[in-house]
There are 2 protein chains.
Amino acid sequence: MANRVRRSMPILPISIVMQLTELTARQIRYYEEHGLISPARTDGNKRMFSLYDVDKLLEIKDYLDQGLNMAGIKKMFEMASRPQNVMSEPKNLSDEDVRRIFREEMIPGKSFTGKNFRQGDLSRFYQ
Amino acid sequence: MANRVRRSMPILPISIVMQLTELTARQIRYYEEHGLISPARTDGNKRMFSLYDVDKLLEIKDYLDQGLNMAGIKKMFEMASRPQNVMSEPKNLSDEDVRRIFREEMIPGKSFTGKNFRQGDLSRFYQ
DNA sequence: TTCGTATGTCATATTACCTTACATGCAGTT
DNA sequence: AACTGCATGTAAGGTAATATGACATACGAA
């Protein structure tokens, strides 16, 4: 379907991300400082966030509620970003496969049903 | 489908709208001055645009290319925002009907196929 | 030419964001 | 109780990205 804004396009200023996530600027910057997100920057050094970043911030909130710390959350993201080794057989995945899997499993909004993603967080902003 | 950002939510600063539409700030403000768009404002008076606003700006560009002036474009928007009188019979539309028609015919992204909307303008920002 | 329209450009003001630094509340340790 | 580390609050000082208003300009129509 061709009618969905690119989730990776940096279009949101921090003020809007604060509203969408109910996080403070301090929190958002702190998470960036610890490598959990990497928002784009304008020429003038202002952070610009994508919808993908917003999804990630909501995940971070959730993990924090569950008692994880920065290091733990970072690990979770690292795990989620590589194809998991379900069986022990070598899979012989091509780069293209990896990219497809990443897209389908990691990027929220593609398959919202995976266990890595909670449903309903962004639902108030969708119609 | 529940997975589309509310098109009416003001989330975009003017700099991003400039990129998305390839309009200058001057142009965007001028169109607002003439009542073609009505972006929201922050507490500090900065304009914040919705995706709906972006669609409208792209329409304005198109109409300008076709030689319309501000007044003409405004009329077009007024026309598009009311249910057109296809047959001369009284239709007995309920308020709910009117709202549905408005949604389906006016709001871009719902039915992108109507003659009121050009396809492909925003396509580079969608996937 | 003169006029109107859409847009460019500049000056000046203010907001929204930046970084840095220090403060604070709390959970575990010792 | 005192000490530590972590996540967050908060304040100071700097600047990018807006805002408005005024004047300039290109161009087509009268």
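Lettering of chains follows the sequences in order, A, B, ..., and the numbering in each one begins at 1.
Separating the CE atom of A:Met48 from the P atom of C:dA16 is a distance of 14 Å, rounded to the nearest angstrom. What separates CZ of B:Phe49 from P of D:dA17 is a distance of 16 Å, to the nearest Å. If you take CD1 of B:Ile73 and P of C:dT5, they are 13 Å apart, rounded to a whole angstrom. Between the CD atom of A:Glu33 and the P atom of C:dA21 there is a distance of 12 Å, rounded to whole Å. As rounded to whole Å, 15 Å separates atom P of C:dA21 from atom CZ of A:Arg29. Between the P atom of D:dT8 and the CD1 atom of A:Ile60 lies a distance of 10 Å, rounded to the nearest Å. The nearest whole Å value for the distance from the NZ atom in B:Lys61 to the C1' atom in C:dT7 is 14 Å. Straight-line distance from the CD1 atom of A:Ile28 to the C1' atom of D:dG9: 15 Å, rounded to whole Å.
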Check the pair B:Leu64 / B:Asn69 against side-chain contact (heavy atoms from CB on, under 4.5 Å), numbers first and verdict last. CA-CA 6 Å; B:Leu64 283 171; B:Asn69 61 10; 6.0 Å; no

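Considering only the side chain of B:Arg26, D:dA22 comes nearest among D:dA22, D:dT8, D:dT18. Among D:dA22, C:dC18, D:dT18, the nucleotide with an atom closest to any side-chain atom of B:Lys46 is D:dT18. The side chain of B:Thr42 has C:dA16 as its nearest neighbour among D:dT8, C:dA16, D:dA19.
Distances shown here put every side-chain N or O of A:Asn45 at or beyond 4.0 Å from the OP1 or OP2 atom of D:dT15. For C:dT15, neither phosphate oxygen OP1 nor OP2 lies less than 4.0 angstrom from any side-chain nitrogen or oxygen of B:Arg47. Distances shown here put every side-chain N or O of B:Arg41 at or beyond 4.0 Å from the OP1 or OP2 atom of C:dA16.
Proximity of B:Leu23 to B:Lys61: side-chain heavy atoms (C-beta onward) are separated by under 4.5 Å at one or more points. Contact of the A:Ile37 side chain with the A:Ile28 side chain is registered, since non-hydrogen atoms from C-beta on lie closer than 4.5 Å. B:Leu58 has its side chain out of reach of B:Tyr63: every pair of non-hydrogen atoms, C-beta onward, lies at least 4.5 Å apart. Residues B:Met9 and A:Leu20 form a side-chain contact, since some pair of their non-hydrogen atoms from C-beta on lies under 4.5 Å apart.
Using a 4.0 Å cut-off between a side-chain N of Lys or Arg and a carboxylate O of Asp or Glu, B:Glu59 and B:Lys56 do not qualify as a salt bridge. Under the 4.0 Å criterion applied to side-chain N and carboxylate O atoms, B:Lys74 and B:Glu32 are not assigned as salt-bridge partners.
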Between the protein and nucleotides 3-7 of chain D, which nitrogen or oxygen pairs are less than 3.5 angstrom apart?
{"residue": "D:dA7", "atom": "OP1", "partner": "A:Met70", "partner atom": "N", "Å": "3.1"}
{"residue": "D:dA7", "atom": "OP2", "partner": "A:Tyr30", "partner atom": "OH", "Å": "2.9"}

